[in-house]
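Below is one structure, written out as structure tokens; the observations come after it.
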Amino acid sequence: MGTLIWLVLLIGVPLALAYQRASLKTATVVLGALLLAYWLFGGGGPVWNAVLLVAFVLLALLNLEAFRRDALTRHLLGTYRRMLPSMSKTEQEALEAGNVWWDGELFSGMPDWNRLKNLPKPQLKPDEQAFLDGPTEELCKLLDDWQITHELADMPPNVWQYIKEQKFFAMIIPKEFGGLGFSPLANSMVLAKIASRNATAASTIGVPNSLGPAELLLHYGTDEQKQHWLPRLASGEEIPCFALTSPRVGSDATALVDTGVVCKVMHEGREILGIRLNWDKRYITLAPIATVVGLAFKLYDPEHLIGDVDDYGITAALVPTNLPGIEIGRRHFPINIPFQNGPTRGRDVLVPLDAIIGGTKMAGQGWRMLVQQLAVGRSIVLPSNALGGAQAAVYASGAYAKLRRQFNLPIGKFHGVGEALARMAGAVYTMMAASRVTCTAITNGEKPAVPSAILKYHNTELGRQVAADAMDVHGGKGIMLGPKNYLARSYESVPIAITVEGANILTRNLIIFGQGAIRCHPFVRAEMDAARNPDQEAGLVEFDRLLFKHLGYGLSNAARSLVMAVTLARFTEVPAVGPPRRYYQHINRYSASFALITDAAMFTLGGELKRRELLSARLGDILSYLYLASMVLKHYQDQGEPPEDLPLVEWSCRTLLYKTQEQFHGLLRNFPNRFVAALLRLCIFPRGRTYSAPSDELGQRIVELIINPTPTRERLASGAYTAVEPGNPLGLLQQAMELAEQVKPLERRVFDARRAGEIKADDIPGQIDEAEKKGVLTAAEAEAVRAFDRRVLDLTGVDDFDPSELRRQSA
Ligand SMILES: Cc1cc2nc3c(=O)[nH]c(=O)nc-3n(C[C@H](O)[C@H](O)[C@H](O)COP(=O)(O)OP(=O)(O)OC[C@H]3O[C@@H](n4cnc5c(N)ncnc54)[C@H](O)[C@@H]3O)c2cc1C
């Protein structure tokens, strides 16, 4: 018995110290005391006692910093320096962009939930709310999807006018320059509302409010440039585009081949220094109508006119489109979503040197400028557009599934359809949580680069899934194009968001973890800096300090992962009560496992990890799912924790945590070092894979929330354009859904009478007539049922055309 107690203490105390992240000194003192007690009151055989003594002496020696530095760290640092992967200037710049926020907490293996909980609720300022309720609603009313996508292949002049007049292009431009000066949250909510109505307008408005001339001028422009360009951009007098991509250069934008050569040019009658530009760009949004191009090119100065450097690298300049040598105006046709997008070419175009954004001192700083702005911008425009489209799809599909009947039942009652509806609702809840909370964090000063990439990838991928599910739920109604189709264009638009601002395969495989690993890890970046310190002794002292903290952190993560896996995280402390508590606990558990496996992957693979894209992608998925689940919990808190929404919280968290578990499994199965993989599996899954995906019953509860007019359904679509008015299918479907509740008892009477043989007609209009004749319904009741039936037929109906209407060109 005594031996067993000592064994538990000898294993349990070190485990508890590691779990609690005790410092090396504290651990040494506590373990010393424990060993003393063991030798005094317990004690084992001489060999066992000697083993414990040696282990303790080694531990105690590690407290002597000067000794351990010379005996151990100096040698390790030499090896580390040789292994350190080289990093290009552009990679370095990408890593320096933005800051670390909740992503860093998840990397720590021990997230400080107060950091998330203390973030204020999403709150618009009064003028932002007024813009959302006023001009944004009005713009949505003006947008006619069929007219834009089919008849005009453009937005009509009155819509362009309204967009410019109301300064939709100037949401990010401060008021002092004539813009709206909106917060990222407001920017996101305006775009989501527009996207819930029309993808063309949302893409058009998204671009000037994202990475482009205004954003670059605001952060890097000279005062003169700001004063000149920003008021003109704000008023819509100037239309901007930003041109980076070219025929040979897509994802690898740093390889761009467009050039600018410093030369002497004549400007306004005198000779000044300028740049001779040559470019060939494609896919450029707003290019066909742009009056100014934000151009990315490589700057060369072979004659050393501005300094002694030949090749400055990527540079950004503002180029008016009316200069000689510029070819602009032709259009691409992006997947039936006809926003203005096209190629632009320039041949020997001459601009003064001060066309460089920020002036000559910013020559060669273009890539840094771009990645710094993308670090934030990626979490706003595309995720919001995806959210708005998905909100519209789930709102419409819920109502449609109630109104459309087959086999005498609303199709939403069939479990197969319900499965798709629940998946859509859960996805939209997750997307909304991610978008609202992250944009609020940015509004409060964060610049989270890794979460931005997470949002870009996952909101657009979830948007793709929602769009596909909505099409399935609608069957043929989603397929037949025409003014009555409110889904197909949104479905068609999905690959746009997937491709732009970092195509999704690249974002998942290379960016999320690839950037996250070094920048969010509590020690790796600092260790690399210490190893590269030209003052080798100072570097050694710093490296030693970090290394031993890092080792403690690794041990702690192993202990935490193991203990929480064995106990299913039941005892980990989290600041939550009630049903969501378990999700907080599971995030804590998987955060520790993630930190552990990250270290193991970096240690065993080093720079090779960058090339093992599928491992990096899975690590990125784990980080993303934990991030999204945290956003769901925070969003639920921000919404006042309405108990009716719990099924959505449960569905979203369960799905994300289940996927987390499966990605851990996939990672371990493919981990190259099989011995390390086995050790990791022991710490991460000592009881096997125990976490389950949402149950069917949970899915059915969600279906009832979205195929009926409930507050949860409204919250899920909050911010979408749901006004009840002719031409807005979302409002009309909702109205019909509410009407369905009113006529339900009348329909029931007709149904019962038919079953009793009182009514013989097979078709619905005939049944209503008979019911009226036989007194089953009064005349007014019969008219109400008739009107409802006509309305449903209209809403579920599709268009047909004379063949000549479909021909684009006469024969
Ligand atoms: C509608 C639309 C609007 C756009 N607007 C603009 C604009 O305004 N300004 C502008 O400059 N550009 C714009 N672009 C360009 C856009 O940014 C590029 O399309 C994008 O960078 C991808 O380049 P690509 O299309 O040439 O694909 P490619 O680079 O050829 O990529 C093809 C596939 O390979 C994958 N891939 C590439 N490298 C890797 C890797 N290392 N690891 C894993 N996967 C990889 C990509 O993810 C993608 O799936 C726009 C594009 C579109 C479609």
Side-chain angles (χ1 to χ4, degrees), residues 127-128 130-173 178-180 182 186-187 189-209 212 214 231-241 285-292 321 328-329 331-334 336-342 381 385 388-389 392 481-486 488-490 492-493 720-732 799 805 808:
D127 60 332
E128 295 171 337
F131 189 82
L132 200 61
D133 298 338
T136 313
E137 288 267 324
E138 189 54 36
L139 173 63
C140 289
K141 196 177 291 192
L142 293 176
L143 297 168
D144 175 339
D145 202 57
W146 184 246
Q147 180 197 39
I148 293 170
T149 60
H150 185 78
E151 292 168 357
L152 301 179
D154 193 3
M155 295 187 294
N158 65 322
V159 169
W160 277 107
Q161 184 69 16
Y162 191 74
I163 286 174
K164 288 181 194 171
E165 263 171 26
Q166 295 296 326
K167 305 191 174 179
F168 277 92
F169 285 159
M171 284 192 274
I172 59 167
I173 298 179
L180 295 173
F182 281 175
N187 190 358
M189 290 181 72
V190 169
L191 287 170
K193 177 164 288 206
I194 299 169
S196 73
R197 175 73 165 150
N198 180 268
T200 307
S203 298
T204 305
I205 293 170
V207 167
N209 289 295
R232 287 172 171 79
L233 290 167
S235 67
E237 186 188 332
E238 300 280 359
I239 300 291
C241 69
T285 301
L286 287 181
I289 57 161
T291 58
V292 55
T321 56
I328 201 160
R331 292 179 67 180
H332 296 306
F333 190 16
N336 272 335
I337 309 299
F339 57 93
Q340 295 285 338
N341 181 290
V381 175
N385 283 358
L481 286 177
K484 287 185 171 178
N485 189 323
Y486 47 82
R489 294 304 193 210
S490 185
E492 283 181 290
S493 76
Y721 183 63
T722 55
V724 180
E725 64 182 22
N728 185 17
L730 292 193
L732 298 177
D799 300 283
E805 291 178 83
R808 288 278 167 108

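- In this structure a side-chain-to-backbone donor-acceptor pair under 3.5 Å is missing from Thr136 to Val190.
- For Trp160 (side chain) and Met155 (main-chain N/O), a donor-acceptor pair under 3.5 Å exists by modelled atom type.
- Taken from OG1 in Thr200 to CG in Leu152, the straight-line distance is 10.5 Å, to the nearest 0.5 Å.
- Remark: side-chain polar atoms of Lys164 are not paired, donor with acceptor, to backbone N or O of Ile239 under 3.5 angstrom.
- Between Pro483 and Asp799 the shortest heavy-atom distance is N-OD2, 3.1 Å.
- If you take CD1 on Ile194 and CD on Glu137, they are separated by 10.5 Å, rounding to the nearest 0.5 Å.
- Between Leu481 and Trp146 the shortest side-chain heavy-atom distance falls below 4.5 Å.
- Between Cys241 and Val207, the closest side-chain pair of non-hydrogen atoms is not below 4.5 Å.
- With hydrogens and angles ignored, the 3.5 Å screen pairs a side-chain donor or acceptor of Ser235 with a backbone N or O of Arg232.
- Checking each of Gln340, Arg331, Gln147 against Asp154 for a side-chain hydrogen bond (donor to acceptor under 3.5 Å, both in side chains) leaves exactly one that passes, namely Gln340.
- Counting heavy atoms from C-beta outward, Val292 and Leu233 have side chains that approach closer than 4.5 Å.
- For Arg197 (side chain) and Cys140 (main-chain N/O), a donor-acceptor pair under 3.5 Å exists by modelled atom type.
- Formation of a donor-acceptor pair under 3.5 Å by the Ser196 side chain with backbone atoms of Gly388 is not found in this model.
- Using a 4.5 Å heavy-atom cutoff, the side chains of Leu139 and Ile205 are in contact.
- Remark: the backbone N or O of Asp145 is not paired with any side-chain donor or acceptor of Arg489 at under 3.5 angstrom.
- For Ala290 against Pro240, the heavy-atom pair with the smallest separation is CB-C, 4.2 Å.
- Looking at Asn385, its side chain never comes within 3.5 Å of a backbone N or O of Ala195 through a donor-acceptor pair.
- Here the CD1 atom belonging to Ile163 is positioned 7.0 Å from the CG atom belonging to Leu143, to the nearest 0.5 angstrom.
- Minimum interatomic distance between Gly178 and Lys167 (heavy atoms only, all atoms of both residues): O-NZ, 2.7 Å.
- Annotation: the span from Asp127 atom CG to Leu180 atom CG amounts to 8.0 Å, rounded to 0.5 Å.
- Checking side-chain atoms of Thr149 against main-chain N and O of Ile337 turns up no donor-acceptor pair under 3.5 Å.
- Side-chain atoms of Lys141 and Tyr721, non-hydrogen and from C-beta on, do get closer than 4.5 Å to each other.
- In this structure, Ala214 and Pro208 approach most closely via the heavy-atom pair CB-O, 4.3 Å.
- Of all the heavy atoms in Ala234 and Gly179, the pair that sits closest is CB-N, 3.8 Å.
- Between the side chain of Asn209 and the main chain of Met171, a donor-acceptor pair closer than 3.5 Å is present.
- In this structure, Asn341 and Thr285 approach most closely via the heavy-atom pair ND2-OG1, 3.0 Å.
- Aromatic ring centroids of Phe168 and Phe182 lie 6.0 Å or more apart.
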